[in-house]
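Worksheet for the structure shown next.
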Amino acid sequence: MIENIRLNLQRVIDESYDILIGYGLLENIPLDLKRNPLGNKYAIITDSNLKDLYGEKLLERFREENLNACLIDVPAGEESKSLDTVGYLVGKLLENNLDRKSAVIALGGGVVGDLSGFTASIFMRGIPYIQVPTTLLAQVDSSIGGKTAVDTIEGKNLIGAFYQPKKVYIDPSLLKTLPKREFISGLAEVIKYGVIYDRKFFEYLEKNINEIKRLNEEKLLHIIRTSCIIKKSVVEEDPRDENKRAILNYGHTPAHALERLSGYKCLHGEAVSVGMRISGWIAVRKGFWSLDEWERQNRLIESFGLPLEMDFEIEEFIKALYYDKKVEGGTLMFVFPKCIGEMASINGKYKIPVSEKELRIFLRELVNN
Ligand code: GLY
């Protein structure tokens, strides 16, 4: 006889959080946390470049507000996104007496955000964390939506968790110290939002290229706010990346392969730009998208000073594509625009299979163009 004891765990969970955006917000974070506490102690995790630039000052502001806080830094760069660094951080959190009621503050770009979020998700089975993104890419994309991860030697983001932050503080004035190349790289994700979701926003970008490149405050605020609104709308619809959220990965299937082939020397946004040209071309050739709009997308990418091409060998590129998390049952999956502002779907599914045979033909056309 078999006994069946059912453990019922149906729960309604509210993981809502606020994304605050404003110039000069950084120094007001401690005051806001004093009024709306998220922990009994805060560990600010940052990287070696940002420690002196913003970390120490933020720590001082916490102390001025009589909040219990410490500052921990990791070496700047993708190499820190590892399980080894997670182990190091857990040690530091314990050394600084953080407990289950404490919170982590991720002060940095995508690497610090993903790494700190993942560490928070496992420390004492999960403590709250707060995102304070310092790069354009992190402000418009990685700090929102709760994807946390570290890399392994096999690939990027292969170990991770969906773990939403409790709050996101975006201070666009931090972008003034960001190297120009990194700022431009972040614009690739901004263009992506226009293509996948919002035609008017795409047109806005076309009209304001020079002011955005010059970091005009009003324009910058507009592009960050709009990107955040688009990202939050998609995440609200599909928080666990089961269908619609894949549209946020437009251009990313080829981009991840290009990053891999470059030994992660190119910046993420640069690879995404080239990736949007490649995915867009496949969309045109498979009949989802018009040639005119593909060319229009490419013109915008180019006007921002982003690359449209990178050298690669087709067979090696195809092999590298298989490391993408969108691969399903050994089949390569892409997401495609239908028109600027809307993505294509087949029977309600946004991830669309592409065979290797088709891919070879389309890639050869692109390389020979
Ligand atoms: N960056 C893609 C996502 O958050 O789903």
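Start at 1 and go down the list; that is how both ligands and their atoms are numbered.
- The backbone N or O of M276 lies less than 3.5 Å from a partner atom in the side chain of Y250, making a donor-acceptor pair.
- Protein residues having a heavy atom under 4.0 Å from any atom of ligand 1 are D141, K147, K231, R245, L248, listed by chain and number.
- R245 places a side-chain N or O within 3.5 Å of a backbone atom of G145 that can act as its donor or acceptor partner.
- Side-chain contact annotation: S173 with D171, donor-acceptor N/O pair under 3.5 Å present.
- Remark: R181 engages E270 in a side chain to side chain donor-acceptor pair (under 3.5 Å) (not counting sequence neighbours).
- Atoms CD1 and CG, on I184 and L267 in that order, are 11.0 Å from each other to the nearest 0.5 Å.
- Put simply, the side chain of Y193 never gets that close to the backbone of I223: no donor and acceptor are under 3.5 Å apart.
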